[in-house]
Participant: 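Input: one structure, supplied below.
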There are 2 protein chains.
Amino acid sequence: MPTTNRPRRVTIDDVARAARVSRQTVSRAINDKSEIDPETRRRVLQVAQEMGYRPSRFARGMVRQDVTTLGLIIADVLNPFFPEVVDGVLEAADGRGWQVVVYATGSERAKELAVAEAVPKHVDACVGFILHEEAIRTIASSGIPFAVLDRRGRDLAVAGVDIDFRDGIRQGLDHLTERGHRRIAMIDDRAHALSGAPHARRAAYLAYARDHGLPVGERWIQPADNSTEGGAAAMDALLAEHPDVTAVFAYNDLIAIGAMRQAMKRGREVPGDCAFLGFDGLALGELVDPMLTTLYIDKRRFGKLAVEQVATLMTEPGEVMDAVIRPELVVRRST
Amino acid sequence: MPTTNRPRRVTIDDVARAARVSRQTVSRAINDKSEIDPETRRRVLQVAQEMGYRPSRFARGMVRQDVTTLGLIIADVLNPFFPEVVDGVLEAADGRGWQVVVYATGSERAKELAVAEAVPKHVDACVGFILHEEAIRTIASSGIPFAVLDRRGRDLAVAGVDIDFRDGIRQGLDHLTERGHRRIAMIDDRAHALSGAPHARRAAYLAYARDHGLPVGERWIQPADNSTEGGAAAMDALLAEHPDVTAVFAYNDLIAIGAMRQAMKRGREVPGDCAFLGFDGLALGELVDPMLTTLYIDKRRFGKLAVEQVATLMTEPGEVMDAVIRPELVVRRST
DNA sequence: TTGAAAGCGCTAACAG
DNA sequence: CTGTTAGCGCTTTCAA
């Protein structure tokens with residue numbers, strides 16, 4: 001067996017002993033305090049370095065209650081919607097000196113629940129984009145300051161940010177009908193539709209169609225996976241069922257782009273034969289051809305607002321705040 | 001003044017006292033241990049809930065040394081290169097039950113140094129995409145397990161992943177020369193060029209041009225901001241200086257896309273008048289028109305490998321590993 | 001400038 | 001099933 005065999009971590013006491021000083025003095029050296037002889041400090045630091053000493057962040061955190069860690073729950077970093085939200089959150093957190101721990105759930109129920117269970121043990125506060133209400137409740141009931149990133153009008157007693165989908169969709173569909181469109185289909189996010197979560201986009205689309213006497217309804221809603229590939233596949237299905245469609249309103253830009261490209265591949269001219277309207281306002285929308293008309297939402301602000309809410313909750317516990325983000329129609333070439 | 005005035009946090013002892021049990025029993029209830037009467041548990045949980053008790057993660061971490069927190073340093077989430085890296089890191093970390101704390105530096109020297117200084121205090125291990133060597137050294141010397149995400153062939157005694165830019169660029173430029181191109185310009189990342197960090201892409205481009213007698217060199221390198229806008233601006237500058245350019249090799253896909261679109265706006269046909277070659281292989285490259293030829297690198301794997309390296313370092317301290325990612329030429333329509 | 005004592009809040013191990 | 005005893009590793013008093 002080896003001569004040295006200590007799985008135990010090197011502690012401040014070990015260093016103190018080796019440097020022949022009190023652990024207090026080691027602490028002073030490590031933390032760069034002033035009340036210490038420069039020479040002593042040098043020696044202590046030297047010894048600490050050699051021994052590979054690293055202060056335990058738990059022991060330190062225990063006595064100085066000053067670091068705040070924020071949990072950030074998102075669905076999927078690969079969906080370009082989220083990096084912008086994350087950026088807003090990181091910036092707001094950084095401004096407060098907070099650490100940010102990121103969790104991705106893929107919006108899967110089991111994963112959301114698992115994260116909801118674990119998160120409160122590891123962070124001081126949390127903001128999250130969460131589909132399943134049960135997961136939201138789990139976090140809320142843990143008692144940590146918490147804001148949902150997409151309250152979707154849920155009347156839970158939880159702080160959060162709402163996006164005014166209804167108004168956004170009115171803007172978007174007004175725009176399409178003004179351009180003369182009537183057979184406006186919707187390509188929806190399948191996972192969202194199946195989750196049982198409130199679905200303002202879908203509801204607003206149906207309500208608008210009804211109120212304006214458009215010849216469309218449930219049967220003009222085509223489900224899709226949340227990706228460009230999903231949008232493409234859904235477009236094929238849509239064209240098969242409703243070849244006379246003249247405009248498509250998509251759940252988001254990613255799906256819209258996939259659908260639009262597929263339509264073009266199938267020989268449709270955009271926007272001549274079929275117009276496309278997205279939702280989110282991804283940077284991506286300006287890079288495709290034709291550039292995508294979309295309902296822009298300020299995703300960085302979205303993230304920031306949620307952080308501001310939990311910041312308030314840290315001082316004003318129990319407060320239930322809300323904030324609303326209003327989408328803005330950005331007309332480009334696809335409509 | 002208010003009757004209740006306790007800024008002090010509710011501790012396990014407070015709950016124990018209120019529930020008239022030992023704090024051990026409270027601990028058992030909170031942690032869902034089996035050795036406890038269900039009725040006692042219920043009561044204790046109830047009291048804890050009412051008092052707003054939340055276990056201190058520091059105190060807990062102190063006695064159970066089981067949570068591992070990984071620091072992840074990136075430049076910018078908004079650059080689509082990073083979400084993929086982050087995804088790989090999150091997945092690898094999640095598989096090990098690790099938490100991930102994310103820091104964005106914008107590759108700015110001051111910010112990188114600040115993060116490098118702070119990170120070791122807050123995490124157990126770290127992987128980072130860091131431009132400035134001084135920041136790398138700071139983290140390395142802190143003693144935490146650490147792997148750089150982009151070692152760039154630096155001969156530091158630090159674990160990390162290398163990307164074989166030299167080979168990638170050979171593949172890319174071979175492809176362009178086979179297509180008959182000779183006046184191949186490069187659009188470079190200005191910040192990288194100015195940082196003093198090793199710059200394999202630039203070096204490989206120049207070496208290739210020299211070795212193959214291409215009529216280009218330093219003066220055919222145009223600096224750009226790292227964005228599509230940056231690429232567009234650089235393309236204008238490039239066309240002004242070298243109107244006879246027939247192909248552009250860009251620092252990355254983002255810049256390539258910006259440059260390509262600008263060239264088209266200026267009346268150049270792509271790839272007829274001017275071909276474009278990117279680097280990174282972003283999903284984005286398939287969405288633009290024409291689709292971008294690029295040197296694909298597996299960014300998720302990139303992140304994963306780095307995590308594997310620090311995982312090894314946790315058990316095998318001091319080991320200096322490396323891994324290499326080889327770019328792969330993906331020929332699409334822009335060349 | 002240095003050291004000794006006193007906890008921070010929690011759980012593991014053992015005893016009852 | 002429940003309580004008691006020991007720390008986990010560090011910093012903040014306070015004295016020397």
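From a predicted model like this one, the values you see are computed outputs, not experimental measurements. Sequence lines set the chain letters: A, B, ... in the order given, protein chains first and strands last, and positions in each chain run from 1.
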Participant: Can you check the A:R9 CZ to D:dG7 C1' distance for me, whole Å?
Facilitator: 15 Å
Participant: Within the structure, does a side-chain N or O atom of A:K33 lie under 4.0 Å from either OP1 or OP2 of D:dT12?
Facilitator: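 True: A:K33 side-chain N/O within range (under 4.0 Å) of D:dT12 OP1/OP2.
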Participant: Could you tell me whether B:K111 and A:D94 make a salt bridge, using a distance below 4.0 angstrom between a side-chain N and a carboxylate O?
Facilitator: yes
Participant: Run the salt-bridge test on A:K299 and A:D87 with the 4.0 Å N-O cut-off and return the result as yes or no.
Facilitator: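 Judged by the 4.0 Å cut-off on N to carboxylate O distance, A:K299 and A:D87 do not form a salt bridge.
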Participant: Ignoring the backbone of A:T11, work out which of D:dT2, D:dT11, D:dC10 is nearest its side chain.
Facilitator: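 The answer is D:dC10.
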Participant: When you measure from the side chain of B:V63, which nucleotide among C:dT11, D:dC10, D:dT2 comes out closest?
Facilitator: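 Given the options C:dT11, D:dC10, D:dT2, the side chain of B:V63 is closest to C:dT11.
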Participant: Check this for me, if you would: do A:R137 and A:E133 make a salt bridge, where the nitrogen-to-carboxylate-oxygen distance has to be below 4.0 angstrom?
Facilitator: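 Yes, charged N to carboxylate O under 4.0 Å.
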Participant: Under 3.5 Å, is there a donor on one side chain and an acceptor on the other for B:T40 and B:R28?
Facilitator: no
Participant: Starting from P on D:dT11, measure out to CD1 on A:I30 and report it in whole angstrom.
Facilitator: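 These atoms are roughly 8 Å apart.
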Participant: Could you go through nucleotides 3-5 of chain D and list every protein N or O atom that sits under 3.5 Å from one of its N or O atoms, giving the distance for each pair?
Facilitator:
residue	atom	partner	partner atom	Å
D:dG3	OP2	B:S22	N	2.9
D:dG3	OP2	B:S22	OG	3.2
D:dG3	OP2	B:T25	OG1	2.7
D:dG3	N7	B:R28	NH2	2.7
D:dG3	O6	B:R28	NH1	3.3

Participant: Nearest whole Å is fine: how far is D:dC10 P from A:M62 CE?
Facilitator: 13 Å
Participant: Between A:R42 and A:E39, is the closest basic N to carboxylate O distance under 4.0 Å?
Facilitator: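 So A:E39 pairs with A:R42 through a salt bridge.
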Participant: Is B:R152 positioned over the aromatic face of B:F129, cation under 6.0 angstrom from the ring centre and no more than 45 degrees off axis?
Facilitator: yes
Participant: Okay, side chain of A:N79, backbone of A:D76: is any donor-acceptor separation there less than 3.5 Å?
Facilitator: no
Participant: From the set C:dC10, D:dT12, D:dC10, return the single nucleotide nearest to any side-chain atom of A:R64.
Facilitator: D:dT12
Participant: Round to a whole Å and report the spacing from CZ of A:R17 to P of C:dA4.
Facilitator: 13 Å
Participant: Closest approach to the side chain of A:T40, judged atom by atom: which nucleotide of D:dC10, C:dT2, C:dG9 is it?
Facilitator: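 Among the listed nucleotides, the one closest to the side chain of A:T40 is C:dT2.
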Participant: Between D:dC8 and A:S56, is there an OP1 or OP2 to side-chain N/O distance shorter than 4.0 Å?
Facilitator: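 For D:dC8, OP1/OP2 do not have a side-chain N/O of A:S56 under 4.0 Å.
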Participant: In this structure, how many angstroms lie between the P atom of C:dC8 and the CZ atom of B:R57, rounded?
Facilitator: 19 Å
Participant: Starting at atom CZ of B:F58, determine the distance to atom C1' of C:dG7, rounded to an integer number of angstrom.
Facilitator: 17 Å
Participant: Looking at B:S27, I'd like to know whether one of its side-chain N or O atoms comes within less than 4.0 Å of OP1 or OP2 on C:dT11.
Facilitator: yes
